[in-house]
Amino acid sequence: MKTISRSRFDALAGYSRAPSAAMFLQELAWFEAAAGRLLATIAVDNDGDFVVLILAPDSVERFRCISCLQGIESPESAYTELIRHVVRIIPELDKLRIQSDEPRQAVDFFTPLGAEDKLNPGFRQLLSGDSFRAAKEIIGAMMRWHEDVDGNFVEQFQTSGFDARIWELYLFAVLTEAGLQVDRPSPAPDFLASGPHGEFAMEATTINPSQGEDGQPAPSQKPANEKAVEDYVNHYLPIRYAGPLITKLNKRYWTKPSVENIPMVLAIQDFHDDMSMTYSGTALPTYLYGYAQVPSRDSQGQLRITPRPITHHNWGAKRVPSGFFYLPGAENISAVVFNSGGTLSKFNRMGVGAGLGSDHVLLIRRGFVADNNPNASEPLPYVHFVRQDDPETWIEGMDVFHNPNATNPLDPELLPGAAHHTLTAEGLVETMSPAWKPLQSQTSILTFPAFDI
């Protein structure tokens, strides 16, 4: 029996935790035994009694509770009882772990379903070598709880829909981490999430690469210099956001019985170009609210933000109205969620933080983080090595843009740890943000052979 971190326990078994448990149990320590086939936690309840929960993988490899010891008077006694109980149950583990309500077979994300040349490069990365082994292992634990509502998740995950499916898995991880009960309704939307602070529905969407008339990827429109950045952020990217968001708006999810009278959230990610998310976080609120936030300095050097209305976004022959939240029907969309860091690299870092992956791989993360000085107009650079027990969370870096016209507003407490943005009557975007808010992130992967020094 060895102690493990909360992040490792959550990566392997967090999906089995009932959201209501946090209301009457505080977990204090986490353990692993039997070569990883048993997990346990010691908790204290609201009456001051200690509780031991022991988990094992069921027949489809989902860690679930197989034994609960209650009414223990001290943490020392709880640990002693844990050891004694584990010793007793290990010989019967193969029998005890079967829950009798498992599906006939587990979802398998990784066995290729089609020809090699059809596999997505991102999916091939997961299957080859150790560079993304941590990501594969943390996704492997997650997939055991996945319900393939549409029947094509695995096929798309392996081929043309890899990025979109990674985004859905990321959102599932965020909602679970937030202590919410997550359900997958059929038909859409993608998620129904509920917790002590209420419930909401969420539908995921992505901006995908454009194709030319020949079926090949269209030329990149990324700005070649600083002068081109303003038009790219204020016009090209908003037009790219408009397509998938308006498509989802026209689906009218709020009319479905499962969504009626609860907040409806759209979650969008930008995969349209390499490193496309460098500017995405700035462009999205411009499109949603119809205002550009223009910084300047007064005579004393103090930062001033002036909202500049934008009525339309123009790029070449394309022209779309600005202000998504003001479109007909958009009052039924409570918020739009975005995270530039919600990519495969996030899974890799979270896996390493949980102690997964290879000892022969080193991740280095660098980027820019928001400066909490109210007079700062530029972010701060950061760089660090990703290590086991790294403090990164799934929700870290998430932006929630609240609709000022929402019929059913979203309670920010439902997504704690995200940055929440609202629009003032003057057109300024106000932000309630955690102290550490990454704006950009790149992860370098170093691989090296085993050797002794």
I'd like to know if the side chain of [X] pairs up with that of [Y] as donor and acceptor (distance under 3.5 Å, no hydrogens or angles considered).
| X | Y | value |
| --- | --- | --- |
| D231 | Y236 | no |
| S5 | D389 | yes |
| H312 | N314 | no |
| D108 | T111 | yes |
| R297 | S377 | yes |
| E155 | T159 | yes |

Which residue pairs satisfy the salt bridge (Lys or Arg N to Asp or Glu O under 4.0 Å) criterion with at least one member in residues 13-23, sequence neighbours excluded? D10-R17, R17-E27
Donor-acceptor contact present, side-chain [X] to main-chain [Y], <3.5 Å:
| X | Y | result |
| --- | --- | --- |
| K136 | D130 | no |
| S358 | H360 | yes |
| E331 | G329 | yes |
| W254 | I262 | no |
| H313 | N234 | yes |
| D183 | P185 | no |

Stepwise salt bridge (Lys or Arg N to Asp or Glu O under 4.0 Å) test for E102 and R62: CA-CA 9 Å; E102 298 95 332; R62 300 175 301 182; 5.7 Å; no
Less than 4.5 Å apart, any side-chain heavy atom of [X] and any of [Y]?
| X | Y | value |
| --- | --- | --- |
| L356 | I138 | yes |
| E199 | L414 | no |
| T205 | T247 | no |
| L113 | V154 | yes |

Of the options Y326, F324, Y241, which is the one that meets L288 in a side-chain contact (heavy atoms from CB on, under 4.5 Å)? F324
Give the C-alpha distance, both sets of side-chain angles, the deciding distance and a yes or no for side chain to side chain donor-acceptor pair (under 3.5 Å) between H402 and H420. CA-CA 7 Å; H402 292 262; H420 292 269; 2.8 Å; yes
Any salt bridge between [X] and [Y], counting N to O under 4.0 Å?
| X | Y | answer |
| --- | --- | --- |
| E177 | R6 | no |
| E392 | R349 | yes |
| D399 | K437 | yes |

Rounded to the nearest 0.5 Å, how far apart are CG of N403 and CG of L266?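 Rounded to the nearest 0.5 Å, the CG-CG separation comes to 10.0 Å.
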Step by step, work out the salt bridge (Lys or Arg N to Asp or Glu O under 4.0 Å) result for R252 and E203. CA-CA 11 Å; R252 299 175 58 84; E203 174 70 10; over 6 Å; no
With respect to F162, which candidate in F109, F271, F157 satisfies the ring pair (Phe, Tyr, Trp, His ring centres under 6.0 Å) definition?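 Answer to the ring pair (Phe, Tyr, Trp, His ring centres under 6.0 Å) test with F162 among F109, F271, F157: F157.
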Mind checking whether Y232 and W315 have parallel, tilted or perpendicular rings, split at 30° and 60°? perpendicular
Verify whether the ring centers belonging to [X] and [Y] lie closer than 6.0 Å.
| X | Y | value |
| --- | --- | --- |
| F338 | F401 | no |
| F325 | Y289 | yes |
| Y15 | F172 | yes |
| F347 | W394 | yes |

Checking R308 against E230 for the salt bridge (Lys or Arg N to Asp or Glu O under 4.0 Å) test, could you report, in this order, the C-alpha distance in whole Å, the side-chain angles of both residues, the deciding distance, and whether it holds? CA-CA 13 Å; R308 177 165 59 84; E230 183 175 356; 3.4 Å; yes
Within 45 degrees of the axis of the six-membered ring of F191 and under 6.0 Å from its centre: does R184 put its NZ or CZ there?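 Flagged: R184 positioned over aromatic ring of F191.
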Counting only heavy atoms from other residues, nucleotides and ligands, does the tally under 6.0 Å from CD of Q26 exceed 12? no
Within a reach of under 6.0 Å around CZ of F110, are more than 12 heavy atoms found that belong to other residues, nucleotides or ligands? yes
Can R133 and D359 be said to form a salt bridge (Lys or Arg N to Asp or Glu O under 4.0 Å), step by step? CA-CA 10 Å; R133 179 175 159 188; D359 293 335; over 6 Å; no
